[in-house]
Amino acid sequence: MRLLLLAAMPVVLFDGSAPNLEHWLTIEPAVQAALECRQVLPAATLRGIPPSDPGSWTLTPARSFTVFGLPVAQVRLFIDPDGELGASYTAVIEKRSLEQVRRQLEFAGNRGRIGQLSADQPGQHIELTCTVGTGAE
């Protein structure tokens with residue numbers, strides 16, 4: 001029963017507050033599409049979730065969540081409130097090497113991408129980032 005309750009928990013925000021599960025399930029497809037560089041994520045989608053900084057959100061999925069089939073430990077979103085800098089959507093990938101992530105991206109291909117997709121390892125974790133310029137909206 002305890003495992004069942006943990007699996008049903010909503011996404012927990014970095015600052016400790018959390019949207020309810022229903023809200024997360026509503027925004028999850030849009031967040032995944034943005035992380036996969038398939039669609040712009042309007043800031044209005046995140047309504048009700050307080051940003052950690054203006055235009056920035058850090059979310060930690062409490063349930064299994066994948067991008068390109070890769071397990072995501074954390075989601076970092078930046079949507080420029082002034083509209084001048086565009087947006088970046090970052091998935092922190094867990095339990096995979098940088099080489100594995102890059103191979104998965106090659107397999108996924110680049111067709112239909114709305115921005116620049118990159119994978120990097122700035123520290124211990126792999127970061128997969130979609131960067132969208134202001135002209136993509």
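By convention here, the first residue in the shown sequence is residue 1. Worth saying up front: this structure is predicted, and the values here are computed from it rather than measured. These numbers come from the heavy atoms of this one structure, side chains and all, not from hydrogens, waters or symmetry mates.
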Which pairs would a plain distance check flag for residues 35-50, meaning a side-chain donor or acceptor within less than 3.5 Å of a matching protein atom at least two apart in sequence or in another chain?
unit_1	atom_1	unit_2	atom_2	d
Glu36	OE1	Arg38	NE	2.8
Glu36	OE1	Arg38	NH2	3.0
Glu36	OE2	Phe68	N	2.8
Thr45	OG1	Pro42	O	3.1

- Message: Within this structure, what is the OG1-CG distance for the pair Thr58 and Leu77, rounded to the nearest 0.5 Å?
- Response: 8.0 Å
For a quick test of your reading: what N or O donor-acceptor pairs under 3.5 Å do the side chains of residues 81-88 make, sequence neighbours left out?
none

- Would you please name every residue forming a salt bridge (Lys or Arg N to Asp or Glu O under 4.0 Å) with Arg76, sequence neighbours left out? Glu127
- Query: Residues two or more places apart in sequence or in another chain: which of them pass side chain to side chain donor-acceptor pair (under 3.5 Å) with Glu28?
  - Reply: Trp24, Arg63
- Query: Does Thr90 have any side chain to side chain donor-acceptor pair (under 3.5 Å) partners at least two apart in sequence or in another chain, and if so, which?
  - Reply: Thr129
- Query: In Å, rounded to the nearest 0.5 Å, how long is the span from OG of Ser56 to CD1 of Ile79?
  - Reply: 9.0 Å
- residues 72-108 vs ring pair (Phe, Tyr, Trp, His ring centres under 6.0 Å), sequence neighbours excluded, gives none
- Note on the structure: Sequence neighbours excluded, the answer for side-chain contact (heavy atoms from CB on, under 4.5 Å) partners of Thr66 is Gln32
- Query: If Ile, Leu, Val, Met, Phe, Trp and Tyr residues are connected whenever their side-chain heavy atoms lie under 4.5 Å apart, and connections chain through other members, are Leu70 and Val92 in the same group?
  - Reply: no
- Residue set satisfying salt bridge (Lys or Arg N to Asp or Glu O under 4.0 Å) with Arg102, at least two apart, ordered chain then number -> none
- Mark yes when over 12 heavy atoms from residues, nucleotides or ligands other than Gln121 sit less than 6.0 Å from its CD; otherwise mark no. yes
- Task: Mind checking side-chain contact (heavy atoms from CB on, under 4.5 Å) for Ser97 and listing every partner two or more places apart, or none if nothing turns up?
- Result: Glu99, Gln100
- Qualifying salt bridge (charged side-chain N to carboxylate O under 4.0 Å, His left out) pairs with a residue from residues 111-125, counting only residues at least two apart or across chains: none
- Over all heavy atoms of both residues, which pair between His125 and Ile93 is shortest? Give the atoms and the distance, please. CB-O, 4.4 Å
